[in-house]
Amino acid sequence: QVQLVESGGGLVQAGGSLRLSCAASGRTFSSFAMGWFRQAPGKEREFVSAITWSGGSTAYTDSVKGRFTISRDNIKNTVYLQMNSLKPEDKAVYYCAAGGVGRFSPVITPSMRTLDGYDYWGQGTQVTVSS
């Protein structure tokens, strides 16, 4: 069992930055791929970014490429999402997820960009970007 707790959300002006953190419990954290997803009001939850178990491979949705950076610290059992140059359209609840599908995978597979690729979810953290 893995429990995930996100933090770092808040209100920021357009162009600003936030760093989200996701702390995981459980001895198997380092073997899981990790993902960040977001859900805006009235919309479906969507993929944002993913990182392999070793941190050697990452993936991003097109709308955040060049602005967001995912990273992980397997000693601290934590995954991060550094968000720069935030836009009003980035406003959403951000969720981290731990994936069984991507366990020990060296690359980001298509399933790791989908909700079904992950077994464990955090409670989410709100990100609001004012224009």
Side-chain angles (χ1 to χ4, degrees):
Q1 190 76 5
V2 175
Q3 292 185 324
L4 305 172
V5 179
E6 302 98 334
S7 62
L11 172 63
V12 64
Q13 288 188 330
S17 298
L18 286 173
R19 188 176 82 154
L20 305 184
S21 298
C22 174
S25 64
R27 294 176 295 176
T28 55
F29 169 81
S30 61
S31 68
F32 286 131
M34 297 294 295
W36 284 99
F37 291 75
R38 66 186 179 187
Q39 188 167 18
K43 294 188 176 181
E44 294 186 349
R45 194 171 299 188
E46 64 174 2
F47 170 78
V48 176
S49 183
I51 188 168
T52 53
W53 69 278
S54 66
S57 183
T58 59
Y60 301 91
T61 191
D62 287 346
S63 62
V64 308
K65 283 180 181 177
R67 300 188 298 122
F68 291 11
T69 303
I70 190 171
S71 61
R72 68 188 295 161
D73 184 333
N74 286 345
I75 302 299
K76 295 182 178 179
N77 278 11
T78 302
V79 63
Y80 305 97
L81 187 67
Q82 177 67 43
M83 306 186 296
N84 298 330
S85 302
L86 281 161
K87 304 176 180 180
E89 51 264 43
D90 294 319
K91 174 183 176 180
V93 177
Y94 284 71
Y95 299 88
C96 72
V101 165
R103 195 167 187 180
F104 292 124
S105 173
V107 298
I108 304 295
T109 62
S111 62
M112 291 158 70
R113 294 173 175 262
T114 70
L115 277 67
D116 289 343
Y118 297 87
D119 299 318
Y120 307 102
W121 294 83
Q123 84 289 348
T125 186
Q126 176 71 51
V127 171
T128 302
V129 184
S130 64
S131 56

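Values in this document were obtained by computation on a predicted structure and should not be read as measured data.
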### Task
Among residues two or more places apart or on two chains, list those pairs meeting salt bridge (charged side-chain N to carboxylate O under 4.0 Å, His left out) that have a residue in residues 50-75.
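Listed by first then second residue: Asp62-Lys65, Arg67-Asp90.
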### Query
What pairs with Pro88 under side-chain contact (heavy atoms from CB on, under 4.5 Å), at least two apart in sequence or on another chain?
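Pro88 satisfies side-chain contact (heavy atoms from CB on, under 4.5 Å) with Ala14, Val129, Ser131 only.
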As an exercise, state the distance from [atom1] of [X] to [atom2] of [Y], rounded to the nearest 0.5 Å.
X	Y	atom1	atom2	result
Ser30	Asn77	OG	CG	7.0 Å
Glu89	Ser63	CD	OG	8.0 Å
Thr69	Met83	OG1	CE	11.0 Å
Arg113	Tyr60	CZ	OH	11.0 Å
Ser111	Tyr118	OG	OH	8.0 Å
Arg45	Thr114	CZ	OG1	12.5 Å

### Task
Could you tell me how the ring of Trp53 sits relative to the ring of Phe104: parallel (under 30°), tilted (30 to 60°) or perpendicular (over 60°)?
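Trp53 vs Phe104 ring planes: perpendicular.
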Considering all heavy atoms of both residues, which atom of [X] and which atom of [Y] are nearest to each other, and what is their separation?
X	Y	value
Arg38	Ala92	CB-CB, 3.8 Å
Ala59	Ile108	CB-CG2, 3.7 Å
Met34	Ile70	O-CD1, 4.1 Å
Leu4	Ala24	CD2-CB, 3.5 Å
Gln82	Ser17	NE2-CB, 4.0 Å
Tyr94	Leu20	CB-CD1, 3.5 Å

According to a 4.5 Å side-chain heavy-atom criterion applied to Ile, Leu, Val, Met, Phe, Trp and Tyr, with indirect links allowed, do [X] and [Y] form part of one hydrophobic cluster?
X	Y	value
Tyr120	Val79	yes
Leu18	Phe68	yes
Trp36	Leu115	no
Phe29	Tyr80	no

### Task
Measure the shortest side-chain to side-chain distance between Ser49 and Leu81 over non-hydrogen atoms and say whether it is less than 4.5 angstrom.
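Of all side-chain heavy-atom pairs linking Leu81 with Ser49, at least one is under 4.5 Å.
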### Query
Who pairs with Phe47 by ring-ring contact (aromatic ring centres under 6.0 Å, His included), at least two apart in sequence or on another chain?
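In terms of ring-ring contact (aromatic ring centres under 6.0 Å, His included), with neighbours along the sequence ignored, Phe47 is linked to Phe37.
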### Message
Looking at Gln3, I want to see if its CD is surrounded by more than 12 non-hydrogen atoms of other residues, nucleotides or ligands under 6.0 Å.
### Response
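No - once you tally the heavy atoms of other residues, nucleotides and ligands closer than 6.0 Å, there are 12 at most.
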